[in-house]
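Working notes, beginning with the structure itself.
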Amino acid sequence: MLRIAVPNKGSLSGPAAEMLHEAGYQQRRESKELRIVDPENEVEFFYLRPRDIALYVASGQLDIGITGRDLLIDSGANAEEILPLGFARSTFRYATKPGVVSSLEDLNGVTIATSYEGIVAKHLADHGIDASVVHLDGAVETAIQLGVAQVIADVVETGTSLRNAGLEVVGEPIMKSEAVVIRQTGADGEEPKVQQFLRRLQGVLVARTYVMMDYDCRVEQLEKAVALTPGLESPTVSPLHNEGWVAVRAMVPAKEAQRIMDDLYDIGARAILTTAIHACRL
């Protein structure tokens, strides 16, 4: 069986389980379950702390895992990202009191507090910055107020909590993170069960990104309509009973669907509708 690590809690857990369910895999019914077997799909799922998943996968005890890119890099484990999943996105930034630091170079000689020591140490080393890194668990905003550090490095979403603490972000983002599928570095990338798993998740990603659009249009407007809905290879076009009309079907990006419907209507298309895509293979 394919052995897969899944986050057991936190912001990664729910969306990961939902994506796996959409991909056709059984998932646990209770949060207390630490392991389940999906015999139909020949998969065994292990529910682990998100921070530990990269280490288990790197050891070779588990074939693949779902975790955050931030946690993968922070772990320093011998594992690699093989598929981004598009949820649990976050941005890591440096922050400090106004006027203390204005650029990355100003971090030389300062102390930086963070819960992600591995990420920060790597970023500093990559840019030739000589600074001290202090590891703290949980919220790190108070580290500056208490004199533990002059700068913090943490996840920044809206920046509200930083402003409330009298801090401002400094320089460019340290990194952008999201949920990813990982495997042991150098593992066989063509293993059939792994490839099937990845295809299923890719199918979910595509299904979430696109909708199916159907509409009717006059033959003389078909070229303009097809230009608006080119599909993946090309749209499906079928003649209607009424002479001079055709039915068109194509996949379109979900975020652009309303604009495309407006444009189609403007050139004379009618009976325009969209339907969700639940699964696909490209």
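The structure presented is a predicted model; accordingly, all values stated were derived computationally and were not measured.
One finds a salt bridge joining R51 and D74 here, because a Lys/Arg side-chain nitrogen approaches an Asp/Glu carboxylate oxygen to under 4.0 Å. Checked for salt-bridge contact, E168 and K97 miss the test: no charged N lies under 4.0 Å from a carboxylate O. The pair D216-R270 fails the salt-bridge criterion, with no side-chain N (NZ, NE, NH1 or NH2) lying under 4.0 Å from an Asp/Glu carboxylate O. In summary, R218 and E220 engage in a salt bridge, as defined by a charged side-chain N under 4.0 Å from a carboxylate O.
The backbone N or O of G24 sits less than 3.5 Å from a side-chain atom of N41, completing a donor-acceptor pair. Checked by atom type and distance alone, the side chain of S234 never pairs as donor or acceptor with a backbone atom of P230 at under 3.5 Å. With E33 contributing its side chain and R29 its backbone, the two residues share a donor-acceptor pair below 3.5 Å.
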Are I82 and I182 close enough, and set up right, to give a side-chain contact (heavy atoms from CB on, under 4.5 Å), and what steps lead you there? CA-CA 5 Å; I82 55 176; I182 65 171; 5.8 Å; no

Any chance you could lay out the side-chain contact (heavy atoms from CB on, under 4.5 Å) test for L107 and Y94, step after step, and finish with the verdict? CA-CA 10 Å; L107 293 177; Y94 294 111; 3.7 Å; yes

Full working for side-chain contact (heavy atoms from CB on, under 4.5 Å) between E80 and Q184: CA-CA 6 Å; E80 60 185 359; Q184 185 183 48; over 6 Å; no

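Other residues, nucleotides and ligands place more than 12 heavy atoms under 6.0 Å from the NZ atom of K193. Environment of CZ in F197: crowded, with over 12 heavy atoms of neighbouring residues, nucleotides or ligands closer than 6.0 Å.
Residues V169 and L162 form a side-chain contact, since some pair of their non-hydrogen atoms from C-beta on lies under 4.5 Å apart. Residues I144 and Q150 fail the side-chain proximity criterion, which asks for heavy atoms closer than 4.5 Å. Side-chain contact between L85 and V204 is absent, with no heavy atoms from C-beta onward closer than 4.5 Å.
The minimum heavy-atom distance between V155 and S90, with the atom names listed, is CG1-CB, 3.7 Å. Minimum interatomic distance between A254 and V211 (heavy atoms only, all atoms of both residues): CB-CG1, 3.9 Å.
A donor-acceptor pair shorter than 3.5 Å cannot be found between the side chains of Y47 and S31. Between N78 and T185, the side chains place a donor N or O and an acceptor N or O closer than 3.5 Å (distance only, hydrogens not considered).
Between Y116 and F92, the ring planes lie perpendicular to each other; the angle is over 60°, past the 30° to 60° tilted range.
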